[in-house]
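Shown next, in structure tokens, is the structure this report addresses.
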Amino acid sequence: MSAYKDKDARINGIKDQIRVVPNFPKPGIMFQDITTLLLKPKEFKDTIDMFVERYKGKNISVVAGIEARGFIFGPPIALAIGAKFVPLRKPKKLPGKVISEEYILEYGRDCLEMHVGAVESAERALVVDDLIATGGTLCAAINLLERVGAEVVECACVIELPDLKGRERLNGKPLYVLVESH
Ligand SMILES: O=P(O)(O)OC[C@H]1O[C@H](OP(=O)(O)OP(=O)(O)O)[C@H](O)[C@@H]1O
Ligand SMILES: Nc1ncnc2[nH]cnc12
């Protein structure tokens with residue numbers, strides 16, 4: 001689902017603050033830069049508020065944020081809905097026992113890890129990131145959570161690159177995005 005199609009008045013303001021940088025980090029990539037959105041308190045707050053309005057009261061006990069940019073949007077959402085925040089990190093960053101999932105990116109390969117014991121069986125989880133491109137990263141995050149028995153209620157991203165069809169890799173898990181970029 002995309003809030004963009006709902007024509008919420010806040011959406012255009014959010015979209016306008018995302019800078020598109022051609023050919024970064026590699027030729028042919030149109031990089032969606034959310035650091036410019038973070039410089040604008042109103043639009044940054046609108047972004048968080050829109051997610052909080054959607055997920056408050058949905059009995060979500062864990063917000064899982066994906067390194068690095070999911071660490072910007074995930075924690076304020078978690079605090080506002082009364083959920084814990086669990087970081088899903090790149091390899092060798094977490095000090096405790098972890099489970100790992102490898103995945104393929106638009107511009108390379110990577111791996112996500114989660115601390116064993118951070119999420120318990122039957123918990124209701126929301127996965128948060130800034131952007132879905134090919135969907136490989138979100139797919140790895142969903143797998144990590146489901147391996148420990150959690151129910152992934154939805155994935156939430158600020159931006160979707162719909163041309164890359166990442167949604168189709170989420171095995172039917174719902175995805176909610178605020179902005180589509182072509
Ligand atoms: O849908 P996908 O094709 O998997 O791509 C989306 C992922 O790519 C970006 O992160 P990146 O891997 O560049 O890491 P970073 O946030 O640490 O820079 C973005 O923040 C998502 O996490
Ligand atoms: N085009 C893009 N912009 C920003 N982050 C990305 N991650 C994968 N593709 C991306």
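Both counts, for ligands and for their atoms, begin at 1 and track the order of listing. Reckoned from all heavy atoms, side chains included, excluding hydrogens, waters and symmetry mates.
- At a heavy-atom cutoff of 4.0 Å, ligand 1 is contacted by both the backbone and the side chain of Thr137.
- Within the 4.0 Å heavy-atom criterion, the part of Arg69 lying near ligand 2 is the side chain and not the backbone.
- Note on Leu38 and Leu79: separate hydrophobic clusters, where clusters join Ile, Leu, Val, Met, Phe, Trp and Tyr whose side-chain heavy atoms are under 4.5 Å apart, directly or indirectly.
- Between Glu101 and the choices Arg109, Arg147, Lys90, the salt bridge (charged side-chain N to carboxylate O under 4.0 Å, His left out) rule is met once, by Arg147.
- Applying side chain to side chain contact (heavy atoms under 4.5 Å, CB included) to Glu154 and the options Val128, Leu170, Leu126 leaves one that passes, Leu126.
- Both Ile48 and Ile81 belong to a common hydrophobic cluster when Ile, Leu, Val, Met, Phe, Trp and Tyr are linked at side-chain heavy-atom distances under 4.5 angstrom.
- The pair Asp46-Arg10 does not count as a salt bridge, with every side-chain nitrogen at least 4.0 angstrom from each carboxylate oxygen.
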Criterion side chain to side chain contact (heavy atoms under 4.5 Å, CB included) on Ile34 and Phe73, from CA distance to verdict: CA-CA 10 Å; Ile34 51 89; Phe73 299 100; 4.0 Å; yes

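- Annotation: Asp130 places no N or O atom under 3.5 Å from an N or O atom of ligand 2; distance criterion only.
- Using a 4.0 Å cut-off to heavy atoms of Ala133, the atoms of ligand 2 that qualify are 8 (C), 9 (N).
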message: Test side chain to side chain contact (heavy atoms under 4.5 Å, CB included) on Gln17 and Thr47; report intermediate values, then the result.
response: CA-CA 11 Å; Gln17 298 308 330; Thr47 305; over 6 Å; no

- prompt: What do the steps show when you test Phe51 against Val63 for side chain to side chain contact (heavy atoms under 4.5 Å, CB included), and what is the final call?
  reply: CA-CA 12 Å; Phe51 290 127; Val63 173; over 6 Å; no

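- Residue-ligand proximity, Ile29 to ligand 2, at heavy-atom distances under 4.0 Å covers atoms 1 (N).
- Distances from ligand 1 to the non-hydrogen atoms of Gly135 include at least one value under 4.0 Å.
- Among Leu164, Leu131, Leu138, Thr134, the residue whose heavy atom lies nearest to atom 2 (P) of ligand 1 is Thr134.
- Residue contacts with ligand 1 for Asp129 involve side-chain atoms from C-beta outward but no N, CA, C or O (heavy atoms, distance under 4.0 Å).
- The shortest N or O to N or O distance between Tyr103 and ligand 1 is not under 3.5 Å.
- Put simply, Leu164 and Tyr176 are part of the same group of oily side chains (I, L, V, M, F, W, Y) that touch within less than 4.5 Å, one to the next.
- Near Leu161, with a cut-off below 4.0 Å to any heavy atom, the atoms of ligand 2 are 1 (N).
- Residue contact check: Lys90 has heavy atoms under 4.0 Å from atoms 12 (O), 14 (O), 15 (P), 17 (O) of ligand 1.
- When only interatomic distances are considered, the shortest N/O to N/O separation between Met30 and ligand 2 falls below 3.5 Å.
- Of the polar atoms of Ile66, none of the N or O atoms is found under 3.5 Å from an N or O of ligand 1, judged by distance alone.
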